[in-house]
There are 2 protein chains.
Amino acid sequence: MASSSEIGLAAAINILTAFAFLVAFAILRIQPINDRVYFPKWYLKGLRNNPLQSGAFVQKFVNLDFRSYLRFLNWMPAALHMPEPELIDHAGLDSVVYLRIYLTGLKIFVPIACLAFTVMVPVNWTNRTLEQSKLTYSDIDKLSISNIPSGSNRFWTHLVMAYTFTFWTCYILKREYEIIAAMRLHFIASEQRRPDQFTVLVRNVPPDPDETVNELVEHFFLVNHPDHYLSHQVVYNANSLSKLVNEKKKKQNWLDYYQLKYNRSNRSKKPSMKTGYLGLWGKRVDAIDYYQSEIDKLSKEICKEREKITTSSKYIMPASFVSFKTRWGAAVCAQTEQSRNPTIWLTEWAPEPRDVYWDNLAIPFVSLTIRRLIIAVAFFFLTFFFMIPIAFVQSLANIDGIVKAAPFMKGVMKVDFVKSFIQGVLPGIALKIFLIFLPSILMMMSKFEGFTSISALERRSATRYYMFQFINVFLGSIITGTAFQQLNTFIHQSANTIPVTIGASIPMKATFFITYTMVDGWAGVAGEILRLKPLIFYHLKNFLLVKTEKDREEAMDPGSLSFNTGEPRIQLYFLLGLVYAVVTPILLPFIVVFFGLAYVVYRHQIINVYNQEYESAGAFWPDVHGRIITALIVSQLLLMGLLSTKEAAQSTPLLIVLPVLTIWFHRFCKGRFEPAFVRYPLQEAMMKDTLERAREPCLNVKDYLEKAYVHPVFNNDNQWDGSDNGTSDDEWPKEPTLVATKRSSRTNTPAQSQRSESRRTLLDVTDERSCP
Amino acid sequence: MASSSEIGLAAAINILTAFAFLVAFAILRIQPINDRVYFPKWYLKGLRNNPLQSGAFVQKFVNLDFRSYLRFLNWMPAALHMPEPELIDHAGLDSVVYLRIYLTGLKIFVPIACLAFTVMVPVNWTNRTLEQSKLTYSDIDKLSISNIPSGSNRFWTHLVMAYTFTFWTCYILKREYEIIAAMRLHFIASEQRRPDQFTVLVRNVPPDPDETVNELVEHFFLVNHPDHYLSHQVVYNANSLSKLVNEKKKKQNWLDYYQLKYNRSNRSKKPSMKTGYLGLWGKRVDAIDYYQSEIDKLSKEICKEREKITTSSKYIMPASFVSFKTRWGAAVCAQTEQSRNPTIWLTEWAPEPRDVYWDNLAIPFVSLTIRRLIIAVAFFFLTFFFMIPIAFVQSLANIDGIVKAAPFMKGVMKVDFVKSFIQGVLPGIALKIFLIFLPSILMMMSKFEGFTSISALERRSATRYYMFQFINVFLGSIITGTAFQQLNTFIHQSANTIPVTIGASIPMKATFFITYTMVDGWAGVAGEILRLKPLIFYHLKNFLLVKTEKDREEAMDPGSLSFNTGEPRIQLYFLLGLVYAVVTPILLPFIVVFFGLAYVVYRHQIINVYNQEYESAGAFWPDVHGRIITALIVSQLLLMGLLSTKEAAQSTPLLIVLPVLTIWFHRFCKGRFEPAFVRYPLQEAMMKDTLERAREPCLNVKDYLEKAYVHPVFNNDNQWDGSDNGTSDDEWPKEPTLVATKRSSRTNTPAQSQRSESRRTLLDVTDERSCP
C-alpha cells in the first residue's frame with residue numbers, strides 16, 4: 001500500500017498535469033485561429049461568424065493582446081455565470097439536467113465528506129491496531145476502518161454513519177428527482193410548439209391484402225380516433241436515395257470549390273482536372289463543366305429514385321408518423337392500446353424529427369423479442385469473456401508470430417528497441433483498442449436491438465457501459481482476475497460470502513482508487529477542456545482538406561455530450577464515493593474535487609462547445625437515479641460483508657434493514673416521479689391546447705406538421721438542390737385525401753359505415769377551427 | 001423408500017376412499033332434502049324453487065325412486081355435457097377459464113406421460129446400478145433416474161427429454177394463452193352493456209381548499225375530457241350506515257317470522273316475546289308490535305345517518321367513479337395519466353359494482369407504498385418464521401403447562417387416554433389451525449395492502465399462498481427442516497450447490513409425493529364434491545335457525561371458486577409433474593388422474609353449486625401462466641443440479657440454455673398476450689360504441705349508469721325498506737349539475753374559461769344522441 005507521501009506525490013503530479021492542461025487551454029482558447037475549436041457552439045447557433053478580434057493580419061491568427069493572458073482563468077466564473085433558464089434556452093434541457101448529475105454529486109458528497117472527517121477520522125485514527133499488528137501500513141490506512149480492532153464497539157459509529165449517509169443520499173436523490181421532474185414538465189409546458197407534441201409513431205402496421213399501408217393507417221385512425229386524427233406520414237425505406245444524395249452533395253462541394261477558385265482568379269483561367277481516381281490520372285477536362293454535368297446526371301437519378309420510392313409500395317415500411325389535431329389526441333393515442341392484438345398498431349410518442357433513428361422503424365414484434373434475447377446473451381459473453389479474443393490477438397502479436405508471418409521483418413525484429421517495443425506495448429494496445437471501440441460496439445448492439453430514437457439508443461448503451469464498468473473496472477480492480485474468473489468464484493461461493501470476499505479487500509484498494517480518481521477524474525477532465533484531438537484534427541483538416549466555407553463549417557467538430565460514455569463514467573465516482581464513505585473517508589475529498597472540477601469544465605463546454613443533437617427533456621434521469629441507488633445498495637452490502645469479517649456480527653441485522661429500505665425508496669420514487677418521464681399527462685396537454693387555441697385561433701396545424709416527419713434525405717435533397725423545391729411538392733403525397741376503401745372481403749369491420757360519418761366530423765371540426 | 005406394493009396399497013386405500021366419497025355423493029345428491037346443498041346454483045339463478053320430485057310427504061325428504069340409484073355416476077357425463085359457450089353464460093368466464101387450468105394440466109401431462117413411459121422407463125429400467133449397489137431399493141426406484149450409473153451416456157436421453165418437455169409445455173402454454181386472450185376479448189366484446197365498461201375509478205383526488213371533492217372531480221373531468229365526461233359518483237364512507245342497515249335487516253327478519261307464525265295460527269294468538277338477551281328474560285311484549293316499532297326507530301336513524309353522510313363533506317372519500325359517454329372515452333381515461341403529479345388523479349378501470357372492495361378506495365399513494373413495504377416484510381417473516389409462534393403455543397399446550405394453569409384438571413390429566421391425546425394431538429392441532437387460517441391471514445394482508453377489488457385481492461392472496469406452499473410444502477418436504485433452516489443453509493451455500501442439494505434429494509421423495517397426490521389430490525377432490533361441511537351446516541341451520549324462507553335461502557351456502565386457495569393447490573401439481581417428469585416418470589399418471597378427476601368434479605360444482613361472486617373475465621390467467629413457467633424453470637434448475645451429482649457435467653451448458661429460453665418465452669408471452677388482460681384496446685371500444693349507437697340510437701347512458709356505483713348499503717337499504725324508494729331519489733345528488741366554481745385564488749388553471757364551452761359541447765352531444 002502506498003504511503004501518504006506517495007499519494008501526496010501522485011496528487012502533486014496530477015494537480016500539475018491538470019493545471020498544465022488548464023493553462024494550455026487558457027492560452028489556446030484566446031487565439032483567433034482556434035476560435036472554431038473552442039467556441040463552435042456559437043458558430044452553430046449563428047451568433048458568431050468570425051473570431052471576435054479583428055485587425056492586423058497577424059491578429060487573425062495570434063492574440064497579441066497581452067492583458068487577456070493575465071485573465072487566463074476567467075472562463076471559470078464565466079462558465080458559472082450563465083443562469084440556468086438561459087442555459088436551457090442556449091443548450092437545451094438535456095445539457096442542464098446532465099450538469100445536475102455533477103451538482104447532485106457535490107450535494108451528496110460535500111456534507112458526507114465533512115461529517116466523515118469530523119466523526120469517523122478521529123474514531124479510526126485513535127486506535128493502535130495497525131501499530132500493534134506489525135503489518136506494513138501507511139498513514140492512510142490509519143484513517144480507515146482497518147485500524148479498528150475486531151469486535152470493537154466503535155463499529156457502531158460506522159453503522160450509524162451508514163444510516164446517516166443512506167438517508168442523506170436518499171433525501172438528495174428525492175429532491176433532485178422532484179426538481180428535475182418539475183423542470184421537465186415546465187420545459188414541456190413552456191416550450192415552443194413542436195411537431196412531436198402532435199405526433200405519434202405507429203409501428204407494426206399489419207399487412208393487408210386489400211389496402212396499402214398508407215390507406216390502412218388512414219382508415220384505422222379515422223375510425224378509432226375520429227375526432228382527433230389529422231394526417232399521417234408513411235415511412236419510406238430511403239437508403240439508396242440517401243446514398244445518391246450524399247454523392248451529389250460531395251460533387252456539389254467540389255463544384256463550389258472550383259467556382260470559387262475561378263472567381264478568385266478573376267475569371268482568368270478556367271480550372272481543369274483529371275477524371276480518374278483522386279484526380280491523379282485520366283482525361284483532363286474543364287472542372288466546372290464536368291461537375292455541373294455530373295450533378296445534373298445525379299439529380300436526374302435522384303428524381304427517378306425518389307419517384308420510384310414514393311410510387312412503389314415496396315419501399316413503404318409498415319410504420320407511420322400519425323399526427324393529431326391536438327396534443328390531447330396525441331397524448332391519448334400514445335398512451336393507449338389500439339388493437340386487440342397487442343403486437344400490431346404499437347403506438348408511442350414520436351421522437352423529435354432529428355432524434356429519429358430511421359433504420360429501425362420497421363422491425364416487427366417477434367423479431368424485436370428475438371433480437372433482445374440475442375443481445376442479452378451477446379452482452380453477457382462480451383462482459384465476461386471479452387478477454388479471450390484479446391488474449392488470442394495478443395498471442396498472435398508476439399515476435400515469433402510476426403517473424404513467421406512476414407520473414408522479411410526478421411532483421412528489424414532483432415533490433416533490441418523494436419523487440420522490447422513489440423513485447424511491451426503491442427499486447428496492451430490490443431486491450432486499449434478494444435476499450436476505445438467498446439462504446440461503439442455497445443451502440444451497435446443497441447441499434448441491433450431496435451430502438452427507434454437516438455436518445456433511447458444512447459440511454460441503453462449507457463446502461464450496458466455502466467454494467468461493463470461495474471464488473472470489469474470496479475469489481476475487477478478489487479478482486480484481481482478477469483470477469484469470468486470472478487463469475488466462476490461467485491458461482492462456487494455462498495451468497496453470504498460474496499460480500500465478505502469483496503468487502504474485505506475494499507480497504508486495501510483505497511489508494512488505488514485515489515490514484516484512479518486523480519488520473520481519470522482530474523487530469524482526464526482537464527484534458528477534456530483542452531480538446532486536443534479536435535484541435536489537431538481541425539487544423540489538419542483546415543490545412544489539407546478545407547476548400548470552401550462549408551468545409552470549414554464541417555471541419556469544426558463540436559462533438560456532443562455523448563451521454564452513453566460520459567454518464568457511466570460519472571456513475572463510477574458515485575459508486576466509489578458511496579462505497580468508501582464509511583470505509584476510507586480519505587477518498588471523499590478526491591471525489592468532491594472531481595465533481596467540482598467536472599461541473600465547471602462541462603458547464604463551459606456545454607456553453608461554448610458541444611452541439612445539441614437531440615432534446616429528450618431529461619428523459620435519462622430515471623436511469624441516473626437508478627444507478628445511484630444501485631451504488632448505494634452495493635455499498636451497503638459490501639459494508640455488511642466487511643463488518644462481518646471484523647467480528648461485528650451483531651450489526652448484520654441492522655445493516656440488512658438498509659438495502660430493504662433503499663429498495664423500497666427506489667420503488668417509491670419510481671411510482672412517484674417516473675411517470676413524468678414516460679407519459680404526458682392529459683391535464684398538461686389540454687392546458688397547452690387551450691392556451692394555444694386562445695392565442696392563435698387561426699393556426700393551421702396541418703400545414704405546420706406537413707413536412708415535419710419526412711425522411712431527412714428528402715429534406716436534405718431540397719436543401720442541396722434548390723431547383724427541386726418547386727416540383728417536389730407535387731410529387732409528394734402530402735395530404736391524406738379520403739381514399740375509397742378497396743376492402744370488400746370483410747364484413748365485421750365498421751370502417752365503411754363509420755368513415756363517412758367520421759369524415760364529416762373531421763370536416764366540422766376543421767371548420768370550427770378555421771377563422772371566421 | 002416405499003416399495004411398489006406399499007404404493008399399491010396406498011393407492012388402493014385412496015381409490016377406495018375417493019370411490020366411497022363419490023358413492024356417498026351419488027346417493028346424497030338425489031335426496032330432495034339435500035337439494036339446496038348440491039344444487040344451490042340453480043336456486044340462486046331462480047331456475048329452481050323446490051326439489052324436482054314431488055309427491056308423498058316422505059318423498060319430500062328421501063328419494064324412493066330406486067332406478068335413480070342405479071344411475072348414480074351419471075352426474076359425470078352430465079357435468080361434461082354442457083358446452084363451453086353455455087357454461088360461460090351460466091357461470092361466467094372466470095369459471096370457464098378456471099376449468100381450463102385443469103385442461104391445460106391434462107394437455108401438458110398426458111402426452112408427457114406417454115412419452116416418458118415409452119422412452120424413459122425402458123432407459124431407466126434396463127440398468128443394474130441399484131441391484132449392484134446393495135442399497136435397499138424398491139421397484140419404483142428402478143424406474144427412476146437413480147438406476148442409471150454415474151457418468152452414463154444414457155443421461156443424454158434425459159437431456160433430450162427435458163428439451164422435449166420444455167418445448168411441449170411452452171407450446172401448450174402459448175396456445176392456451178392465445179385461446180384465453182381471444183375468449184376474454186370475445187367475452188368483453190359480446191357481453192351485455194355493463195356499467196364498468198363506461199366507468200373509471202379515480203383515486204387520490206387531491207384536497208382542495210376551495211371546492212368539495214364532488215365539484216373538483218366534475219370540474220377536472222369537464223376540463224380534461226370535455227367531449228366524453230358524462231357523470232360521476234363520489235364514494236361515501238358508509239360504515240356506520242352499513243351497521244344500522246344490517247341491524248334493521250335482522251329485526252325485519254324477526255318481524256317476518258312472527259308475522260308468519262301469526263298468520264299460520266290463523267290469527268288466533270298474537271305471538272309475544274321477552275325483550276332481554278336472546279329472549280330469555282325481560283318484559284314480555286307483543287312481538288309484532290315490538291319489532292315494528294324497533295324497525296321504525298331504526299328507519300328514522302338510517303334516514304338521519306344517510307342525510308348526514310350525503311350532506312356532510314367529511315364522509316366523502318377522495319375517490320370517485322367517473323362515467324363517460326362512450327366506452328372509448330372510458331378506455332382513454334383509464335389508460336392515460338391525468339395530472340402532472342402522478343400520485344394524484346390515479347385512474348384505473350372500475351371493477352364491476354359487485355367486485356368493488358369499498359373500504360380501500362381512499363388510501364393515499366404514500367400510505368400505499370408504505371403498506372406494501374410492511375406487508376412484504378411481514379410476509380417474509382410469516383413464510384420463514386411461522387414455526388416460532390406455533391412452537392411456542394405447542395410448548396404451552398403440554399401437560400405440565402395445563403396442570404399449572406388449571407390445577408383442577410390434574411385428575412383428568414392422569415387418565416392415560418387424555419394424556420396421550422393431549423400429547424399426541426394438541427401440538428399438531430396448533431399447526432393445523434394455523435394452516436386453516438393461513439388463507440384468511442393472507443387475505444387480510446392483501447386487504448391491508450390496499451387493492452380496490454375483490455378479484456385483485458384474491459389474485460394477490462393466491463400469489464402469496466403459492467409462494468408459501470412452494471417454500472414450506474415443496475422445498476420443506478424435499479429438504480426436511482423449517483423454512484428458516486433452509487434459508488440459513490441456502491445463504492451459506494454457493495449458488496451452484498443449492499440446485500445440487502435439492503436436486504439430489506428429489507428422486508428419494510418421489511414416493512412421498514405420490515402418496516401426497518393421492519391423499520390431497522384424489523381423496524381431497526372427491527371430498528370436495530361431497531361438500532360434507534356445507535351439508536352438515538345446512539341441516540343444522542335448517543333445524544335450529546331457519547325461521548323464514550329467506551333464512552333458508554341464506555342457510556344454503558353455495559360457496560365460490562375461491563381462487564385464492566384453489567389455484568395455488570393446482571399449481572403444486574404442475575410443479576410436481578414438471579419436476580418429476582424427467583426424474584421419476586412414474587409420478588405422472590397420478591398427476592394425470594388428479595387433473596382428470598378434478599376437471600370433472602369442478603365442472604360439476606361450477607354448474608350446480610358455486611355462486612359467482614364477481615366476473616373478472618379471466619384476468620387471473622397471466623398469474624397462472626407465470627406460475628407454470630416458474631415451475632418449468634425450477635424443474636430445469638433442479639435437473640441441472642441432479643445431473644451434476646451424476647457426473648454428467650457435460651450436460652450443464654446444454655441445460656443452462658433451457659431456463660434462458662424459458663425466461664425469454666415468458667417475456668415474449670408477456671408482451672404478446674398480457675396487454676389483453678390489463679388494457680382495453682381502443683379499436684374494440686370504438687367498435688362496440690358504434691354498434692350500440694346503430695342499434696339503440698335512443699339509449700340514455702346517463703340513466704343507465706346513475707345508480708350503478710352507489711355504495712351497496714344504499715341499495716340494500718332500498719331493497720329492505722320499500723317506503724324509502726320514493727324519497728331517496730330526492731335526497732341523492734344524482735346529477736352532476738353545473739356547479740359554479742368557488743375557486744378564486746388560482747389564475748393558471750383554464751377551468752373557468754373552459755368550462756362553459758365544454759358544457760356547451762356536452763349538451764350538444766347529448767342532443768345529438770337524443771331521438772328526433
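FYI, side chains are in, hydrogens and waters are out, and symmetry mates aren't considered; it's all heavy atoms of this structure. Computed from a prediction, not measured in an experiment: that's the story for all the values here. A note on names: the letters A, B, ... follow the listed sequences, proteins ahead of strands, and every chain is numbered from 1.
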Colleague: Relative to chain B, which of A/L368, A/L691, A/I370 shows the most heavy atom pairs under 4.5 Å?
Modeller: A/I370
Colleague: Could you please state which residues from residues 655-667 of chain A sit under 4.5 angstrom from chain B, measuring non-hydrogen atom to non-hydrogen atom, sorted by number, or 'none'?
Modeller: A/V660, A/L661, A/W664
Colleague: Look at the aromatic rings of B/W328 and A/H228 and report parallel, tilted or perpendicular, splitting at 30° and 60°.
Modeller: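 Answer is parallel, since the angle falls under 30°.
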Colleague: Looking only at heavy atoms and a cut-off of under 4.5 Å, which of B/F673, B/W345, B/F220 has the most pairs with chain A?
Modeller: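 It is B/F220.
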Colleague: Of all heavy-atom pairs between A/V332 and B/T336, which one has the smallest distance, and what is that distance?
Modeller: CA-CG2, 4.1 Å
Colleague: Going by the salt bridge (charged side-chain N to carboxylate O under 4.0 Å, His left out) test, which pairs reach into residues 365-375 of chain A, not counting sequence neighbours?
Modeller: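 Sorted pair list: A/R372-A/E449.
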Colleague: Does the side chain of A/F668 reach to within under 4.5 Å of the side chain of B/V366, using non-hydrogen atoms?
Modeller: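 Contact flag for A/F668/B/V366 side chains = yes.
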